[in-house]
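Comments concern the structure below.
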Amino acid sequence: MTDANTPILIANNISKRFGHTQALEDVSVSFLPGEVHALMGENGAGKSTLGKVIAGLHAQNTGTIVLDGRELIPGSLDDAFHAGIRIVHQELAQCPNLSVAENLSLHDMPKKRFTVDFAEMERRAAKLVHQLDPEIDVSKPLGYLSPGHRQICQIAASLDQDESGKTMAKVIVFDEPTSSLSISEASILMNITRELAAMGLTIIYVSHRMSEIFTCCDRVSVLRDGKFVATSVVSDIDEPTLVEQMLGRRLTTPDSKHAASPIAEAIEETLTAEGPTHDSSAIDMSRVILRVVNLNSPGKLRNINFDLHPGEILGVSGLVGAGRSELMDAIFGLDRLATGEIIVDGEPVPPKHPQRAIDAGIGYVPEDRRNQGLFFNLGIDENILAPIMARLAKSMGIRSLDKELEAVESRVGKFQIKTASLRETTPGELSGGNQQKLLIARWMMKSTRVLLLDEPTRGIDIGTKTEIYKLINQAASKGDAILLVSSEMPELLALSDRILVMGEGQIKGELVGDEMTQTNILTLATSEEQHTNAGSI
Amino acid sequence: MLVIIMMMGLLTLYGMFTDPIEQKSRITLRENAVVKLIDRQGNEHDRLARTQIAGYRVTLDGKATTYSAQEIERYDSNAGTLIEVKEVNRFFNKSNLVLIAKDASFFAIIAVGMTGVIILAGIDLSVGSIYGLCAIVGAMALQSLPADTGWFIAVPVALLVCMVVGTLCGLANGAMSVGLGVHPFVITLGMMAVLRGLTVVIPQELFATQSISGFPTSFTTGFFKAEFYGVYPVPVIIMILTAIVGWFVLAKTIFGRRIFAIGGNETAAKYTGIPVGKVKVLVYTITGALCGLSACAYLGYYGAAETNAGNAYELQVIAATVIGGASLMGGRGTVIGAVLGAIIIQLINNTLIIFEVDTSYNQIVMGAAIIVAVVIDQTKQRIQARRA
C-alpha cells in the first residue's frame with residue numbers, strides 16, 4: 001500500500017483532439033489512493049473525455065497516464081483493465097437480453113467441462129451485486145431491471161475479484177453515474193461510492209450534479225473548454241466558487257426562494273434578469289387545458305386524475321419506476337392498453353393515436369433523446385419538423401421546401417441551436433444541450449397547447465439548462481400548459497407551480513406553494529398508502 | 001457512379017485494342033421502295049460491292065440517310081435488300097449498351113421499391129416470387145385475348161392484372177409483418193416459397209406446361225419490344241421513369257421522408273406521431289406493385305412467361321440496393337444508387353461475356369463484387385464520419 005499522499009494515478013499533459021474539436025488541451029491531474037475525486041465541468045468541457053482516456057477507451061494525442069509508476073499504453077482498454085482501471089459508462093453499455101449474471105461475466109464465463117457453469121456464474125454475480133443491493137435477482141434479464149438497478153449492476157461488474165476474493169480494481173471511473181437515476185437511487189449510489197473509497201479504491205467521479213460533489217467527493221478538479229482550471233479540496237470550496245470555475249463567470253443573484261443551489265440560482269437569474277418572467281398568479285385557474293380522467297393501464301398506471309390549467313407548469317415527481325414516463329406515454333396515445341379519457345380544451349382526444357394527440361395540441365419531449373427522440377440519419381431541419389412536415393406540405397403530400405426552411409430557421413434562431421448547417425448537419429454532430437433544444441423546438445408550434453417534458457435537462461450543462469428553463473417559462477407565460485417530469489429536485493421545485501408526486505403508478509399526492517419541499521416529495525414518493533387530497537401529509 | 005464510368009472506360013479500351021466485332025443488319029425493302037445510292041460525283045448506282053461504297057449517300061423512299069464509309073456492304077436493287085455492316089467496339093456500341101440497360105431494367109424497377117424497404121430497415125425476400133407469379137397470371141390474361149387485340153387494350157389489361165397481383169402480394173407481406181409483429185425476413189421468406197409454389201402449380205394444373213406464350217403482337221413487338229433506331233429501349237424507359245418517380249417520392253414527399261425517419265429511429269418516429277405501421281405496409285405494397293410492373297415488361301419483351309421467371313431475383317435486387325449505398329441497418333439509401341447498382345451487376349455479367357469467360361463463373365465473380373462494393377462503400381462512410 002502506497003502512502004496516502006502519493007498519487008496512485010497521474011494524468012500528465014493530456015491532449016486529445018476529435019477532428020476539429022480540441023477536447024482536451026494539456027490537462028494534468030493527479031489522483032490519490034482512497035479518494036473520491038470529482039471531475040466537473042459543463043458539457044463539452046472534456047471531463048468525460050478525460051475519464052475515457054484514463055480508462056483506455058480513447059487514445060490521447062499527447063501526454064501520459066501513469067498508474068503506480070507505470071506508464072499505460074495509450075488507448076488500450078486491455079492494458080488499463082489489467083492495471084486495475086475500470087469504467088462505469090455514461091450510456092448504459094450492456095446487453096439487455098442477457099441475464100445480469102451473464103452481463104457480469106461476459107469476459108470470463110465460468111466453464112463446466114464444455115458448457116457454461118450457470119450456477120457458478122450466478123453465485124459469482126450475486127456475490128458482487130449483493131454487496132451493493134441484495135434485492136437484485138441476478139438470473140433476470142438485465143433489460144427487466146430499472147435504470148438504477150442496471151447502474152448498480154454495472155458498478156458491481158467493475159468490482160471483479162481475483163481467486164483470493166481481493167478486488168482487482170484500483171481506480172474506477174464513474175462517468176455521470178447518476179444521470180439516469182432517481183433521487184433515492186442516487187443517494188444509494190453515493191453511499192456505495194463512499195464505501196468503495198473506504199476500501200482504498202480511487203473513484204474518479206465525473207458529474208455535473210453539484211450536490212453530489214459536496215455529498216460524496218473529497219477533491220474536485222474543474223475543466224473548462226478542454227483546459228484544466230483547478231483542483232480543490234471539497235471542504236475548502238463553496239458552490240459559487242465552483243460554478244465560477246466551471247462557467248468562467250459568477251452567478252450574481254443572492255438568495256433564492258426555493259433552494260440555495262446554483263441550479264435554482266441560475267433559474268432565478270434567468271427569470272428575473274433575462275426573458276419574460278413566469279408568474280404563478282398569471283395562471284388561469286378557471287380554465288382547464290388538459291383534463292386526465294381515470295387513466296389506467298395494466299401494470300403501469302392506476303386511476304390517474306388531474307387538471308392542467310393554461311400557463312401552469314405542473315411538476316411530476318417520483319422515484320424511478322413510479323410511472324412518470326408511462327403517464328406521459330399514455331397521455332400522448334402511445335400506450336395501446338391504456339383506458340380513460342384525455343380531454344384537451346373540452347374535446348376528448350381519440351386514444352391510441354399519437355397523431356391525434358398532436359392534432360389536439362399535445363407535444364411530447366421524451367426522456368431518452370438518443371433512442372426516443374432523434375433521427376441520426378436526417379438533417380437538423382427534418383428532425384425539427386418531423387411532427388409538422390405533413391402540415392406544411394403542398395397537395396399530394398409533396399414537401400414545401402420554402403415553408404420548411406422558414407419554419408426551421410425561425411425555430412433554430414429562437415432556440416439558439418448551434419449547428420453548422422440546417423440540412424447537412426445531423427443531430428449526432430450536436431452537443432447534448434443543442435440536441436435537447438432541438439427536441440423542444442420540435443413542439444414549438446402555434447397549435448401546441450400542452451407540452452409534456454420528460455427529463456428535459458438530463459445530461460446537459462448548466463448554461464444550456466438555464467436556456468431551457470427560459471424556454472419553458474416563455475411557453476408557460478404565453479398560456480401553454482406544461483407537464484414536467486424531472487429527477488433534479490431543485491429544478492422541479494423552482495419551475496413548478498404545483499407538483500404531483502407519483503408512486504407505484506398512482507398519484508400519491510399533490511403539493512402546492514410552501515408544501516413543495518424536497519422532504520415532502522420524498523415522504524410522499526415513498527409512502528405506502530395513497531394520498532388523494534392536496535397536501536394531506 | 002464513378003465505378004460505372006471506370007468500368008465502362010476500361011471495357012471500351014479493351015474493346016479498342018482487341019478485334020472489333022462486325023454487326024450486320026439486313027434491311028428488307030418493301031417491294032416498290034425507291035433506293036438511290038449516290039456517290040461523291042453525284043452518280044447513281046443500283047448495285048454495289050462492299051469495297052466500293054465509301055462516301056455514298058443513300059436515300060430510302062426519298063428520306064436521306066447518310067451512311068459513312070464501310071457501313072453498307074451490299075445493295076442489290078433486284079434482291080430488294082440492303083445490308084449494313086458496322087465494325088464496332090466490342091463493348092461500346094449501341095446495342096450492347098442498351099442490352100445491359102435492358103437486362104438491368106427488370107430488376108432495377110423492383111430495386112426502386114426495395115430501396116424503400118431497406119431504408120425502413122426491413123427486407124423483402126419474396127420479390128422474385130411475386131415477379132414470377134405476376135408474370136404467370138399476366139400471361140394467362142394475355143393468352144386469353146384475341147391475337148389481333150390492339151395495344152391500347154392489351155397493355156392496360158396486362159398492366160392491371162400484373163400490378164393487382166403484385167400489390168396484393170406486397171400488401172400481404174406488409175400487413176402480416178406489421179399486424180403480426182413478425183420480422184419481415186420471416187414473413188417474406190415464407191411468402192417467397194408460397195408464391196413460387198403457386199407460380200409452378202398454376203400452369204401445371206391448368207395447362208400442364210412450364211411456360212405460357214402466344215400473346216397479341218401489339219403487346220410484344222408493338223409495345224414492350226418496339227424497335228427504335230435498331231434497339232429495344234422500352235424496358236429501359238420504364239425503369240428510368242420508375243426511378244424518377246421513386247427518387248421524387250423518397251426525397252420530396254412526406255411519405256418518403258417518413259420512411260427515412262422510421263428507418264433512422266423507429267421509436268422516435270412513434271414519439272413524433274408518424275403512423276409507423278401504415279408507412280411500412282405501404283412500402284411493401286408498392287414494392288409488390290413494382291414487381292408486377294417489371295413482370296409486365298418482361299412478358300412484353302420476351303413474349304412468354306416461364307415458371308422460373310425471376311428465380312433468385314431477390315438476391316440481385318437486394319445486392320443492387322446495397323451496392324447502391326443502402327444500409328441494411330436502415331435509414332440510408334438512394335434510388336439512383338440502386339439503379340446504378342443494378343447496372344453494375346449487369347456490367348459485370350457483360351464483362352465476363354466480352355472477356356469470353358464461361359458463364360458458370362458469373363456467380364463467383366458477382367458474389368465477390370458485391371462484398372468488395374459494400375466494403376468500399378462502408379470504408380468511405382467511416383472515413384467521412386471520422387473527418388466530420
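Here is how names work: the chains are called A, B, and so on, in the same order as the sequence lines, proteins then strands, and each is numbered from 1.
Listed here is the closest heavy atom pair of A:Arg442 and B:Thr272: NH1-CG2, 3.0 Å. Between A:Pro354 and B:Gly273, the closest heavy-atom pair is CB-CA, 3.7 Å. In this structure, B:Asn265 and A:Asn371 approach most closely via the heavy-atom pair OD1-O, 2.9 Å.
Here the CZ-CZ distance, from A:Arg399 to B:Phe248, works out to 10.5 Å after rounding to the nearest 0.5 Å.
Below 30°, between 30° and 60°, or above 60°: for B:Tyr271 and A:Phe332 the angle between ring planes is below 30°, a parallel geometry.
The part of B:Ala251 that comes within reach of chain A is its backbone (N, CA, C, O), which places non-hydrogen atoms under 4.5 angstrom from that chain. Contact annotation for A:Gln372: both backbone and side-chain heavy atoms come within less than 4.5 Å of a heavy atom of chain B. In this structure, chain B has a heavy atom under 4.5 Å from the side chain of A:Leu334, while its backbone stays farther away. Neither the backbone nor the side chain of A:Leu392 comes within less than 4.5 Å of any heavy atom in chain B. Heavy atoms closer than 4.5 Å to chain B are found nowhere in A:Asn383, neither backbone nor side chain.
Contact count versus chain B (heavy atoms, under 4.5 Å) is highest, among A:Pro366, A:Gly333, A:Ala357, for A:Pro366. Ranked by non-hydrogen atom pairs under 4.5 Å with chain B, the options A:Gly363, A:Ala393, A:Ser400, A:Ala390 are led by A:Ala390. Top candidate by heavy-atom pairs under 4.5 Å with chain A, chosen from B:Ala268, B:Pro275, B:Gly331, is B:Ala268. Interface check for chain A: of the options B:Thr267, B:Val249, B:Ile254, the most heavy-atom pairs under 4.5 Å are formed by B:Ile254.
Using a 4.5 Å heavy-atom threshold, the side chains of B:Thr253 and A:Met396 count as separate.
Formation of a donor-acceptor pair under 3.5 Å by the A:Asn377 side chain with backbone atoms of B:Phe260 is found in this model.
Atom CZ of A:Phe376 has more than 12 neighbouring heavy atoms from other residues, nucleotides or ligands inside a 6.0 Å radius.
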